[in-house]
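Written out below as structure tokens is the structure these notes cover.
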Amino acid sequence: MTLMPEDSCQRLLDGCQRIGAVADTSIADMWEVFAIQSYGAEVEIEAGKVSLAGGGGEGGFGLRILNQGKVGFAYAANSEDSQRLVDAALSAASLVPSVEGFEFPDDEGETKMSPMWDTEVDNVSPEQLMLQADSMLSICKDFNPIAVITGGGISASCTAGALLTSQGISTSGMRSSHGGGIQVTIDDDDKLTSGWSSMHSFELLDDLSPICDEAVKLAEITRNTITDNDGAREAPVVFTHGGIRSLFSNVFASSLRGEKMARGESVWSGKISESVFDNHLSIHDDGTIEGGAGSGRRDGEGKKTQRTTLIERGVLKSGIWSTRDAAEQISEGNIEDATSTSNAGRGGHQSSPYTSISNFILSSSQGSNSRDSVIEEMEDGWVVHSVMGAHTANPSSGDFSVTSSSILKVVDGEIIGALKQAGVSGNLPKAFSEGVSLIEMDKPRSIWASGSVVIPDILLRNGIRINPS
Amino acid sequence: MAAASSNQQSNDGTGRHLDQDTAQRMVDEAIQAGATYSEVRLVSNQNTSISMRDGQVRNAISGLDVGATLRCLVNGSWGVHSTTDLQALTSQVEATVNLASSVAQRRAKEDSAVELADIPISTTDVHWRSKKDIRDISMQEKVEVLEEFDSFIRTDERIVSVNTGFTDEHIEMELTTSEGMDRAWSFQRTCTNAIVTGRESGEVASYRTRVGGVGGFEAVESVDLQQVGISATESTLRILGAERSPSGKMTLIADPDLTGVYIHEALGHPCEADLVAAGDSCLDGKLGEIIGNPLVTVIDDPTWQGGHGSFPVDAEGFDSKSRTLIENGRLMTFLNHRETAAHFEIEPNGAARAQDGLHHPLVRMSNTMIMGGNHEDLDDLLEGIADGVYACGSRGGQVDTGRGSFQFAAQEAWRIRNGELVEPLKDVSVSGMTLSILKNVDGLTKHAEMASPGFCGKGQVVPVGDGGPEMRIQEALVG
């Protein structure tokens with residue numbers, strides 16, 4: 001028995017057509033029906049054992065209409081009461097001001113890419129997931145006999161989606177997902193330390209040992225605690241990808257939204273063509289990467305996905321846009337010209353399209369150096385493996401003040417021990433404006449942190465203040 | 001403090017989403033298939049969401065979400081099935097029992113089986129009636145609230161953007177269990193919020209505010225939005241010109257908003273019995289011990305009228321009630337659900353909450369507060385502080401419950417010098433270790449109040465309330 005019932009895509013498209021047919025007979029100028037249905041299985045781990053197994057499914061239909069430049073949206077769990085859905089969307093549109101020049105996208109084709117679908121995931125049984133969970137519990141014990149998985153789990157899911165619009169877009173597809181995440185603690189000598197790791201793919205992951213390895217290591221490296229009485233100070237900091245990814249996406253994915261830049265809400269408003277990053281750094285948003293967590297043939301409005309250069313060798317080139325945001329900002333006179341960069345995202349059938357990153361990638365024209373050589377070159381500084389409170393960073397200014405309990409002190413190019421806790425603060429745009437080095441990674445992992453972020457370990461030489469407890 | 005349960009009316013059915021006979025058949029079928037306990041829980045959420053930018057509506061969405069979960073306990077282990085397809089749920093009983101059975105088969109001998117503490121078996125429905133039922137309020141009236149709110153904020157040319165939002169929910173829950181529980185309950189929740197962005201000389205600052213809680217339209221209508229709007233504008237402009245936070249250990253005074261986040265993160269999460277049972281809480285083994293200054297008394301109260309985290313009945317059918325977590329510095333109990341109450345052999349206290357009908361219950365906080373102390377007011381707390389920080393408003397926080405470390409961030413702050421509030425500060429955060437900082441609380445004002453509505457993530461997101469008095473902490477790690 002498979003997770004996904006047969007003909008799921010066709011049934012979603014049929015539902016979209018039912019709703020579209022009603023919308024066609026209404027006063028709406030344009031309409032767009034999005035449908036999604038997910039089925040999954042999960043196994044939870046708690047206190048060192050499998051604690052629960054489950055399964056289920058959810059989904060529904062979202063309708064966006066455009067009537068005399070006014071946008072309305074409504075959603076429902078099924079397509080049976082299409083008239084109510086159309087009426088609700090039209091009613092919502094009556095409250096919204098008209099956006100001059102806004103139209104739903106025409107069909108311009110789609111990016112050719114391999115399906116993000118693995119029939120092995122579709123065929124996965126709860127028993128297989130439980131065996132994987134048993135294996136993870138055992139592997140963690142092998143790495144460290146007193147390491148315990150205190151929380152986490154493994155899941156597999158299959159999702160069917162469809163988009164049908166009055167502008168000729170008719171598309172559907174399926175996506176599979178498999179992965180796990182665990183929290184490991186080591187409680188010994190009256191000292192408890194912990195580590196966390198996760199990995200996901202559209203393919204069935206045969207080997208989840210890398211997350212066991214990473215989580216156990218994180219719990220182990222912070223056991224040798226030292227004290228630091230030198231007070232708060234600025235110092236070079238190596239952030240692992242786990243330490244920087246949430247801060248990076250919280251601040252820069254917001255700062256690079258075209259609408260925020262046009263409206264003066266971004267720290268980079270009015271700075272197109274100016275230098276904003278260290279001159280070897282670039283950021284691209286790329287929805288076309290094979291297998292990327294944020295990849296797809298089309299974005300949430302049906303536009304063909306693309307690669308967009310946002311920062312090139314330190315110079316700000318563009319923001320990310322959805323069709324509606326671009327039309328609105330032009331209509332409001334905040335910008336002369338803007339077009340969609342195929343960055344319309346969807347938060348399920350309950351959500352109207354909004355601007356969001358696809359795969360957000362940091363790269364350097366200088367290449368990268370080994371972690372050991374970067375730490376040696378740093379001489380005195382810190383290595384931060386994870387932070388708490390990344391969501392409290394100010395996305396408008398880039399200011400942040402977070403805490404780390406996974407911070408190691410580096411003296412004369414060598415790690416000498418861990419602090420129990422330290423404050424980590426600064427301004428992220430300033431910290432990235434000079435003195436940045438990227439560190440080699442075996443295989444950069446695309447990780448969901450307010451979007452799909454591909455970022456290696458990184459050295460920030462300036463602008464980071466460490467406040468030891 | 002007033003109890004929201006004063007509003008409740010019993011046996012006033014609203015009509016079930018799930019046919020009661022069908023639900024009963026499902027739980028009976030699960031027992032026949034080998035389950036020792038089974039339940040069907042349904043949640044429907046009829047909601048409105050309006051977003052406005054600079055006085056113009058961007059989205060106005062009304063929706064209805066319905067989900068249900070079948071949960072079966074077999075040989076001391078759980079199996080669950082969750083779905084939006086209510087018809088399909090009936091065919092999942094055997095598979096769900098088998099799932100639970102598979103989990104049970106791999107349990108090691110030394111691991112304990114799940115047991116459930118006894119709770120009263122009720123068939124009484126509870127419906128918290130709103131003074132102004134949100135289902136009777138038109139979308140236009142809700143839009144007008146935002147238009148008015150917006151107009152109170154955009155009063156200075158340095159304010160470049162105002163994003164406001166209005167949300168309401170009419171929530172209905174139904175629970176049928178193999179033990180004979182068969183009840184429905186309902187309540188409403190209404191909030192409005194604003195994100196204000198200011199810009200001056202290339203500097204950007206933003207400030208967030210949210211008001212409302214459990215209740216109908218009155219939860220927002222009764223708030224002085226003019227005052228909230230003016231205050232948000234003033235705060236945004238003040239942050240624009242503020243200095244960066246000092247770093248180091250110093251005396252901190254937190255306002256009720258920040259006191260609430262502090263107690264939620266630093267104490268509330270480590271008090272959740274599922275985390276304690278998992279070996280992921282610094283409070284493991286400390287029941288009955290003194291863990292804080294005797295000044296400190298902490299309650300978690302889902303019956304608090306208007307609290308954002310209030311509810312009439314928990315997700316396992318237990319009538320909600322106030323819980324004292326810390327009394328005069330002593331840890332009195334853990335927040336628990338039936339499984340963890342049995343595990344720790346403590347009184348069940350009804351802290352089972354699920355995000356919606358598609359998630360199974362976890363142990364969660366509701367409205368968590370530090371009670372008032374002996375200091376008259378803020379001036380009384382400030383007296384004698386040579387150098388410190390007064391921090392206000394919350395940007396959120398996070399905790400590592402196992403290590404007992406936490407962090408929370410303030411929206412704005414002032415430097416305290418010689419007992420006076422002097423220059424404004426920005427980007428103030430506070431971190432510490434639960435077991436040491438609770439002992440460093442050395443002053444609380446008499447008046448305690450519920451702070452801004454919040455949300456808590458623990459794999460599932462649920463609305464929570466928190467608050468307290470103004471609180472002074474010595475040796476806080478300020479960053």
Side-chain angles (χ1 to χ4, degrees), chain A residues 46-60 73-77 88 91-92 95-97 126-127 130 134 148 150-151 183 185 187 192-194 231-232 263-267 269 350 352 388-389 391-392 394 396-397 399-403 405 420-421 423-425 465 467 469, chain B residues 56-63 65-67 77-85 99-100 102-103 106-108 111 139-140 143 160-161 197 199 203-206 245 247-248 277-280 282 358 360 395-400 402-403 405-409 426-429 431 433 477 479:
Chain A
E46 202 173 274
K49 62 179 186 290
V50 173
S51 60
L52 175 149
E58 60 180 305
F73 180 82
Y75 69 89
S91 172
L95 298 164
V96 178
E127 187 63 30
M130 280 188 254
D134 291 342
V148 177
T150 49
Q183 163 133 340
T185 63
D187 191 358
L192 188 151
T193 56
S194 55
R263 292 171 49 78
E265 293 180 21
S266 165
V267 69
S269 292
Q350 297 107 324
S352 186
M388 281 199 299
H391 63 291
T392 66
N394 189 327
S396 298
S397 65
D399 294 325
F400 66 93
S401 182
V402 296
T403 297
S405 297
K420 197 169 184 183
Q421 189 180 45
V424 182
S425 60
R465 187 166 44 170
N467 182 15
S469 65
Chain B
Q56 304 280 342
V57 176
R58 286 212 84 219
N59 288 300
I61 302 171
S62 55
D65 301 302
V66 182
S77 293
W78 289 114
V80 300
H81 187 89
S82 305
T83 183
T84 50
D85 184 350
L99 270 183
S102 292
V103 175
R106 60 197 350 101
R107 191 176 60 243
D111 290 332
M139 191 74 95
Q140 183 57 43
V143 167
V160 296
S161 170
T197 305
R199 191 176 187 95
E203 292 289 318
V204 187
S206 66
S245 169
S247 296
D280 196 20
C282 58
L358 298 172
H360 57 274
R395 294 185 72 87
Q398 196 172 345
V399 64
D400 180 334
R403 292 173 188 257
S405 60
F406 64 87
Q407 181 266 4
F408 56 90
K426 64 178 180 180
D427 304 317
V428 169
S429 77
S431 50
M433 307 298 290
L477 185 65

* **Short side-chain donor-acceptor distance under 3.5 Å, B:S161 and A:E265** =>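 There is such a pair (donor and acceptor under 3.5 Å, judged by atom type) between the side chains of A:E265 and B:S161.
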* So, A:T193 and B:R403: side-chain donor and acceptor under 3.5 Å apart, yes or no? ->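 Short answer, no.
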Report which part of [X] has an atom under 4.5 Å of a heavy atom belonging to chain A: side chain, backbone, both, or neither.
{"X": "B:L99", "result": "both"}
{"X": "B:V66", "result": "neither"}
{"X": "B:F408", "result": "neither"}
{"X": "B:S431", "result": "both"}
{"X": "B:A100", "result": "neither"}

Region of [X] in contact with chain B, defined by heavy-atom distances below 4.5 Å:
{"X": "A:N467", "answer": "both"}
{"X": "A:V50", "answer": "both"}
{"X": "A:T185", "answer": "side chain"}
{"X": "A:S269", "answer": "both"}

* Asked: Side chains of B:I61 and A:Y75: closer than 4.5 Å at any heavy-atom pair?
  ->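 Touching, per the 4.5 Å side-chain cut-off.
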With distance as the sole test, does [X] use its side chain to make a donor-acceptor pair with the main-chain N or O of [Y] at under 3.5 Å?
{"X": "A:H391", "Y": "B:G397", "answer": "yes"}
{"X": "B:S245", "Y": "B:G479", "answer": "yes"}
{"X": "B:E203", "Y": "A:S397", "answer": "no"}

* Which heavy atom in B:S405 sits nearest to a heavy atom in B:M433, and how many Å separate them? ->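 So the minimum-distance heavy-atom pair works out to CB-SD, 3.6 Å.
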